[in-house]
Amino acid sequence: MTAIPTRSTPAAPMPDTDTADVGATIALFRKCDRYTTAREYQAAGLYPYFRAIRECEDTVVTIDGESKVMMGSNNYLGLTHHPAVLDAAAAALRKYGSGCTGSRLLNGTLDLHAQLEAELAEFLGKPSCLVFSTGYQANLGLLSGLVGRGETVFLDKLNHASLVDGARLSFGDVVRYNHGDLDALERKLAQHERRKGALIVVDGVFSMEGDICDLPGLVQLAQRYGAALAVDDAHSIGVLGRNGAGTAEHFGLIAETDLIVGTFSKSLASIGGFIAGEESVLHYLKHHCRPLIFTAALPAANTAGVLAALKVLRGEPQRRAALWANTRRLQEGLRGLGYDIGPTETPIVPVLIGAIDDTFLFWRRLFDAGVFTNPVVPPAVAPTQCRLRASLMATHTAEQIDGALETFAAIGRELGVLS
Ligand SMILES: Cc1ncc(COP(=O)(O)O)c(C=O)c1O
């Protein structure tokens, strides 16, 4: 997640609410007029968000008429332009039309959804699977559908926002522990009444740091305290594990991981999400999940595209090998230059810059030099820990990565980030 900085900005002069003609202005909207931070960055030419891509060819995008090497995408396996994926999506679009125009529960379930659920369940080694319209909704649905009054969800503080929001939407108690601190988690689990339901939910790969969760430690704690364990594999499917099946496969703990949640918006090159687990749990969720029931189903073109992407993911392991070779090349190159890239172990490579303004300036210089990265600023990270998040694709070439490293080196020296 990236976000607009939250530093306080001088408020525009506003009429005193007690004395002004309140009919002249709508109270609810006053904060919108006072919110100037993003406009200041826009005026300074440092605003990095909502940049319109005009053309997109795998690792290269065109923005404002200029080519950029895309190093800010979650398209880990480079499948968004794979001919088999495009053909399958186009054929489904023609056969089923442009949208499902209804909920999975009612008129929106297609045979393609059932096929995808069966294939994903088999791929992940779980008995059952349920497809959602986004990964965000899958996480909202998991937590709000499963964790009820008197039950508790335990969250790592660096979990993705969709898990935080899902916990908020649930009627259960929410307990957070410091990132990766399993001693703290154990202390909190020990205070929880065992007869009441508990769920530990964690990102398999943390989306801003790129580190992998300690799944063996979490499995032990879940078993010791009778909690269920769910892993968000958004950044792990297609990346981790011998077959690309994610974090549980990576650690050989598929049976011990009760629930696997994921998205189609990264390695699977589309949009949508899923929850996989025991049939009885999925059956319950199907009938208690508002983010599944009260929204329209994933369109046919996306569902068919994901089925095709899954086939390529499984049939072309060389893509995963190329992704890891590219990951090592960028990580070693950046570390060799003297950059702090933190504890990353995956294709997510955060480059620590420092303050917000320095980060936006660095981002702009990279962007102008043809390298697209994503700035990460508060509230996603502490104000002094702002970073540029680069991410690799299987289809990046060695020349593209080396070119990006040269650019990072030159700008880093110029801006004093490197000595
Ligand atoms: C860890 C994690 N979980 C869930 C999501 C939500 O996925 P989607 O894009 O499918 O809504 C994301 C996307 O950024 C993510 O990084």
Side-chain angles (χ1 to χ4, degrees), residues 1-5 41 44-49 51 59-61 63 68-76 158 160 179-180 203 205-212 234-235 239 266 323-419:
M1 180 185 71
T2 52
I4 305 293
Y41 283 117
L46 295 178
Y47 181 76
Y49 305 114
R51 297 261 157 185
T59 55
V60 178
V61 297
I63 300 175
K68 318 278 175 199
V69 174
M70 175 48 78
M71 286 208 161
S73 163
N74 302 303
N75 183 13
Y76 294 120
L158 291 190
H160 189 259
H179 179 48
D203 283 18
V205 169
F206 287 89
S207 56
M208 291 301 127
E209 335 297 302
D211 54 332
I212 303 172
H235 297 276
V239 176
K266 305 189 196 300
L323 173 67
W324 281 102
N326 286 344
T327 298
R328 280 190 293 277
R329 195 176 191 98
L330 186 70
Q331 288 191 358
E332 282 164 17
L334 287 168
R335 285 200 172 108
L337 288 171
Y339 281 106
D340 179 356
I341 60 170
T344 180
E345 304 164 78
T346 64
I348 296 171
V349 186
V351 182
L352 191 75
I353 305 295
I356 292 173
D357 289 358
D358 296 339
T359 305
F360 280 163
L361 182 61
F362 204 122
W363 164 81
R364 178 73 211 215
R365 300 299 300 274
L366 278 175
F367 184 80
D368 288 344
V371 182
F372 189 111
T373 59
N374 289 310
V376 184
V377 301
V381 290
T384 55
Q385 297 289 304
C386 298
R387 58 199 69 179
L388 294 168
R389 182 182 181 279
S391 43
L392 276 316
M393 294 166 58
T395 41
H396 279 126
T397 62
E399 293 70 37
Q400 286 174 328
I401 295 170
D402 292 348
L405 284 168
E406 277 170 31
T407 311
F408 262 104
I411 297 172
R413 283 191 206 102
E414 198 187 317
L415 298 183
V417 178
L418 291 178
S419 42

Would a 4.5 Å heavy-atom cut-off, applied to side chains only, mark [X] and [Y] as touching?
X	Y	result
Ile353	Val417	yes
Arg335	Val349	no
Tyr41	Ile356	yes

Given 3.5 Å as the limit, does a donor-acceptor pair link the side chain of [X] with the main chain of [Y], or not?
X	Y	result
His396	Met70	yes
Trp324	Val239	yes
Arg389	Arg387	no
Thr346	Gly210	yes

Could you give the distance from [atom1] ([X]) to [atom2] ([Y]), rounded to the nearest 0.5 Å?
X	Y	atom1	atom2	result
Leu334	Leu352	CG	CG	12.0 Å
Leu158	Asp211	CG	CG	7.5 Å
Thr407	Phe367	OG1	CZ	14.0 Å
Ser207	Asn74	OG	CG	9.0 Å
Gln331	Leu392	CD	CG	7.5 Å
Ile212	Thr344	CD1	OG1	8.5 Å

Looking at every heavy atom in both [X] and [Y], which two are closest together, and how far apart are they?
X	Y	value
Ser391	Tyr76	CB-CE2, 4.4 Å
Pro378	Cys386	CD-SG, 3.6 Å
Ile348	Pro350	O-CD, 3.5 Å
Pro375	Leu388	CA-CD2, 3.9 Å
Ala390	Thr373	CB-CG2, 4.5 Å
Trp363	Pro48	CH2-CA, 3.4 Å

### Query
How would you list, by chain and number, every residue that makes a salt bridge (Lys or Arg N to Asp or Glu O under 4.0 Å) with Asp368, sequence neighbours excluded?
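Testing Asp368 for salt bridge (Lys or Arg N to Asp or Glu O under 4.0 Å), a comparison that skips the adjacent residues, returns Arg364.
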Next item on the list: Quick one: do Ile411 and Leu366 satisfy side chain to side chain contact (heavy atoms under 4.5 Å, CB included)? Show the steps, please.
Entry: CA-CA 7 Å; Ile411 297 172; Leu366 278 175; 3.9 Å; yes
Dump the intermediate steps for side chain to side chain contact (heavy atoms under 4.5 Å, CB included) on Gln385 and Val376, then the final yes or no.
CA-CA 9 Å; Gln385 297 289 304; Val376 184; over 6 Å; no
Within a reach of under 6.0 Å around CZ of Arg51, are more than 12 heavy atoms found that belong to other residues, nucleotides or ligands?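 Count over threshold, so yes.
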- Message: Please determine whether side chain to side chain contact (heavy atoms under 4.5 Å, CB included) holds for the pair Met71 and Ile401, giving the CA-CA distance in whole Å, both sets of side-chain angles, and the decisive distance to 0.1 Å.
- Response: CA-CA 9 Å; Met71 286 208 161; Ile401 295 170; 4.0 Å; yes
How are the rings of Phe408 and Phe362 set to each other: parallel, tilted or perpendicular (split at 30° and 60°)?
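Tilted, since the angle between the ring planes falls between 30° and 60°.
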(Q) With side chain to side chain donor-acceptor pair (under 3.5 Å) as the test, pick out the partner of Gln400 among Asn326, Thr59, Thr395. (A)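 Only match with Gln400 under side chain to side chain donor-acceptor pair (under 3.5 Å): Thr59.
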